[in-house]
Amino acid sequence: MLLAPETLPETQPFPLTQDSKMKMRLSLTIAGLCLACLPFGSRPADAAESAPADDANQLTESEKRSGWELLFDGSSTEGWRNYKRDDVSDGWKVQDGALVRHGKGAGDLITEEKFDTFELSLQYKISKEGNSGLMFHVVESEGRPYYSGPEIQIQDNKDGHDPQKAGWLYQLYKPGTARGEETPIDATRPAGQWNELYLRIGNDQCSVCMNGVRYYNFKIGDKTWKDRVAASKFAQWEGFGEAGKGHICLQDHGDLVSYRNIKIRRLEDDQPVKQPIDGKLGMKSVLAFPNLQWDQWQAVDDAGQVRPLRLIELTYAKDAPERLYAISQRGMIWSFENKPDVTESQLVLDLREKVYDWKKRGANEQGLLGLALHPDFKSNQKFYVYYSLADAEKSILSCFTMSKDNPHQADPKSEVVLMEIDQPFQNHNGGSIEFGPDGYLYIGLGDGGLRNDPYEAGQDLGKILGKILRIDVDNAANGKNYAIPADNPFVNTSGALPEIYAYGLRNPWRIAFDPASGRLWAGDVGQESWEEVDVITKGGNYGWSSREGTHPFGSQPVPESVSEPIEPVWEYDHAIGKSITGGRVYRSDRNAELTGKYIYADYVTGSVWALSYDPETGKATRNDQVLPDSIPVLAFGQDASGEVYYLTNSVRGECIYRFDAAK
């Protein structure tokens, strides 16, 4: 779960500018999107390359609901004309769903409409050694379009002849360097393959992404901008970059280039982007257990610091549903009777000495992160936890047994460690664990952290990170305290870890089984652009880090051995929210408006939604706003009746809420 903005690489000015460096950081007010649609089917050498024409140039359901528009319909040049002309020259043609510059004298192509603040996304395919460009705020004054409109470079980075690479704002901005590297980040795919370029032009800040990787932020008209313009060739043209509104331009640089999936979303001053919803349920949140006291918990720690209670899981034993079990991220586990008027809880286990403190710098995604009670808990008294180890860079999956002397307290000496998982970074540790209807334990693991999946774990079946695991905790084999289910999808795949059930996840926060259908749901936290909801199937590939949501990410070649990614059932962009909190399917009959819907949230914006799902098509059919208020939901819990609760922080310990009709 991404609870704070991740740090962007430092943006380097061009040598011709002043010596100052500007560190760009991800702002919660910026919508960094990178849009494209990948095909569905068997994996070719390059998935984006193979997208059939009728799959391109379409808005997703989320895009339709949140204000995106197509600037190119895939079949005509409607809405476009040549610079300083009323028509489109014969040098441009529509071919296989793409707008292609193919002939001499094509000329620069501009939109008929002018735009001021907007988000723009397009895919381009450049020829070998080819060159082109995307300009914005172009006005038809004296000279060429680049006299007025800043240009984002588009070229073949390998064999091209311009030292300023694709995605750079020509002579003004370029991306920073990756950790341990000296050259600027290059996320472009080779000539002949489709790349995706995203541009945001806002009054507050602007940004550029290439294939889902954020390159840089900038602000038109600030001191840094003015200094760089003054040091560039553009200083000679009066009014360069100052129009504030103008045409979008595709440059004719004399080379073959193709464009498709050209989409725009207009940004209104001080107005949030339209929510991708079909309706508002207008429900209210109610404290589920208003009189509940947390055994041995205090809001002030030993150092005199106020520490809110931060619950991260609420669950029950399937064979003993009268009690609920809750865990705090700090490391405490409680149980209490599932009654609205309950007053007392019992501290089951205190793991604070073993668990890494999430309040430490950079550790807000660590701590006690998962709890699952054995399906036969009533008879064997076993439960399982997932936590970040206090004194090592590891995640621990272990089993505890309840005390023989006290049915509400665990024996702290009973711990049996099942897994020790090395964690290279503090974030993307996953941690959600659930028993499935089959009696096996499922474990959600992130890619290990940082940015851009630096260890390339997501698509590597030989690495444990970025996966959903499935293990048999009732048996032991091969020197481990668990066994591998015989029907796990990769038990007979050479080089693959047999524990893997599904792969291609960035940071699944959280996973949950629908108690009625048995489907496994996951909310996967995105990086720059897209948050997604997935229905997890055995052996499924969910795309990361070659894809973010349904959109291409980065330039790493995808192993030929992996299957074609399964599309999420729903996604939303970073103008809507920036950190998904995966939810649960509501199965209680107490709120008919919610029954059968997947309740999920975004932690950063505080939105809570209810998603309707069609299992026949594998797609969402409706997305409704549940609450009108902004609520920072950490996780969702569920009881035996199918009631769904949401969990949050509270210095008063008031952390568990349910949904009620507003009337």
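Everything numeric here is computed off the predicted structure, so don't read it as measured data.
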Does [X] reach the side chain of [Y], with side-chain heavy atoms less than 4.5 Å apart?
X      : Y      : answer
Thr224 : Tyr173 : yes
Leu267 : Arg200 : yes
Val633 : Tyr600 : no
Asn541 : Pro565 : yes
Trp168 : Pro184 : yes
Leu250 : Phe72  : no
Trp509 : Ile580 : no
Asp573 : Ser529 : no

Go through the side-chain N and O atoms of [X] and [Y] and say whether any donor and acceptor fall under 3.5 Å apart.
X      : Y      : value
Glu129 : His161 : yes
Asp252 : Tyr83  : no
Gln275 : Trp609 : yes
Asn211 : Asn195 : yes

Is there a donor-acceptor contact under 3.5 Å from the side chain of [X] to the main chain of [Y]?
X      : Y      : answer
Arg506 : Ser545 : no
Ser148 : Val138 : no
Gln164 : Gln171 : yes
Tyr215 : Leu169 : no
Asn157 : Ala166 : yes
Asn57  : Asn261 : yes
Lys84  : Ser141 : yes
Asp278 : Asn623 : yes
Ser62  : Glu571 : yes
Arg547 : Gly549 : yes

Please list all pairs meeting ring pair (Phe, Tyr, Trp, His ring centres under 6.0 Å) that have one or both residues in residues 121-156, counting only residues at least two apart or in different chains.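 Checked against ring pair (Phe, Tyr, Trp, His ring centres under 6.0 Å) - neighbours excluded - the pairs reaching residues 121-156 are Tyr146-Trp237, Tyr147-Trp237.
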Give me each pair satisfying salt bridge (charged side-chain N to carboxylate O under 4.0 Å, His left out) with a member in residues 105-118, each pair once, sequence neighbours excluded.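 Sorted pair list: Asp108-Arg144, Glu113-Arg266.
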Are Leu109 and Asn82 close enough, and set up right, to give a side chain to side chain contact (heavy atoms under 4.5 Å, CB included), and what steps lead you there? CA-CA 4 Å; Leu109 200 62; Asn82 277 94; 4.2 Å; yes
Ile201 and Ile220: CA distance, side-chain angles, deciding distance, side chain to side chain contact (heavy atoms under 4.5 Å, CB included) verdict: CA-CA 9 Å; Ile201 300 298; Ile220 299 172; 4.2 Å; yes
Check side chain to side chain donor-acceptor pair (under 3.5 Å) between [X] and all other residues, then give those that pass, not counting sequence neighbours.
X      : value
Glu593 : none
Asp447 : His428, Trp544
Arg81  : Glu140
Asp602 : Tyr572, Thr605

Passes side chain to side chain contact (heavy atoms under 4.5 Å, CB included), Trp194 versus Arg189? Steps please. CA-CA 7 Å; Trp194 288 103; Arg189 298 176 178 182; over 6 Å; no
Tell me, please, which residues at least two apart from Trp225 pass ring pair (Phe, Tyr, Trp, His ring centres under 6.0 Å).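 With neighbours one apart ignored, the set is Phe218.
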Only counting residues at least two apart or in another chain, list the ones meeting ring pair (Phe, Tyr, Trp, His ring centres under 6.0 Å) with Phe234.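 Result, ring pair (Phe, Tyr, Trp, His ring centres under 6.0 Å) vs Phe234: Phe240.
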Residue list, side chain to side chain contact (heavy atoms under 4.5 Å, CB included) with Ala620, at least two apart or on another chain: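 For Ala620, the residues satisfying side chain to side chain contact (heavy atoms under 4.5 Å, CB included) (neighbours in sequence not counted) are Trp570, Leu611.
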Residues two or more places apart in sequence or in another chain: which of them pass side chain to side chain contact (heavy atoms under 4.5 Å, CB included) with Ser285?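 In terms of side chain to side chain contact (heavy atoms under 4.5 Å, CB included), with neighbours along the sequence ignored, Ser285 is linked to Leu627, Tyr646, Tyr657.
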Of Lys280, Arg65, Lys597, which is the lone residue that meets salt bridge (Lys or Arg N to Asp or Glu O under 4.0 Å) with Asp624?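 Filter result, single survivor: Lys597.
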Could you pull out all residues at least two apart from Asp73 that satisfy salt bridge (Lys or Arg N to Asp or Glu O under 4.0 Å)?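 For Asp73, no residue satisfies salt bridge (Lys or Arg N to Asp or Glu O under 4.0 Å) once neighbours in sequence are set aside.
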Listed by chain and number, what are the salt bridge (Lys or Arg N to Asp or Glu O under 4.0 Å) partners of Asp269, not counting sequence neighbours?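 So Asp269 forms no salt bridge (Lys or Arg N to Asp or Glu O under 4.0 Å) with any residue.
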Quick one: do Asp156 and Lys158 make a salt bridge, cutoff under 4.0 Å?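 Looking at Asp156 and Lys158, the cut-off is not met.
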Output yes when Lys619 and Glu61 qualify as a salt bridge under the 4.0 Å nitrogen-oxygen rule, no when they do not.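 Not counted as a salt bridge, because no side-chain N and carboxylate O are separated by less than 4.0 Å.
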Could you report the tightest heavy-atom contact between [X] and [Y], atom names first, then the distance?
X      : Y      : result
Ala56  : Arg260 : CB-CD, 3.8 Å
Glu182 : Thr177 : O-CG2, 3.4 Å
Asp162 : Tyr170 : OD2-OH, 2.9 Å
Arg85  : Val88  : NH2-C, 4.3 Å
Ser89  : Gly105 : OG-O, 3.9 Å
Ala610 : Val626 : N-CG2, 3.5 Å

If you measure from OG on Ser258 to NZ on Lys125, what distance do you get to the nearest 0.5 Å?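 Reported to 0.5 Å precision, the distance equals 5.5 Å.
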How many angstroms lie between CG in Leu120 and NZ in Lys263, if you round to the nearest 0.5 Å?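 Rounded to the nearest 0.5 Å, the CG-NZ separation comes out at 11.0 Å.
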Taking atom [atom1] as the centre, does [X] end up with more than 12 heavy-atom neighbours from other residues, nucleotides or ligands that are less than 6.0 angstrom away?
X      : atom1 : value
Asp159 : CG    : yes
Asp86  : CG    : no
Gln236 : CD    : yes

Go through it in stages, so that I can follow the logic: the residues are Val608 and Gln625, the test is side chain to side chain contact (heavy atoms under 4.5 Å, CB included), and I'd like the CA-CA distance, side-chain angles, deciding distance and then a yes or no. CA-CA 6 Å; Val608 181; Gln625 181 191 76; over 6 Å; no
Exactly one of Gln527, Gln556, Glu528, Arg214 should register a side-chain hydrogen bond (donor to acceptor under 3.5 Å, both in side chains) with Asn452. Which one does?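 Checked Gln527, Gln556, Glu528, Arg214 against Asn452; only one passes side-chain hydrogen bond (donor to acceptor under 3.5 Å, both in side chains): Gln527.
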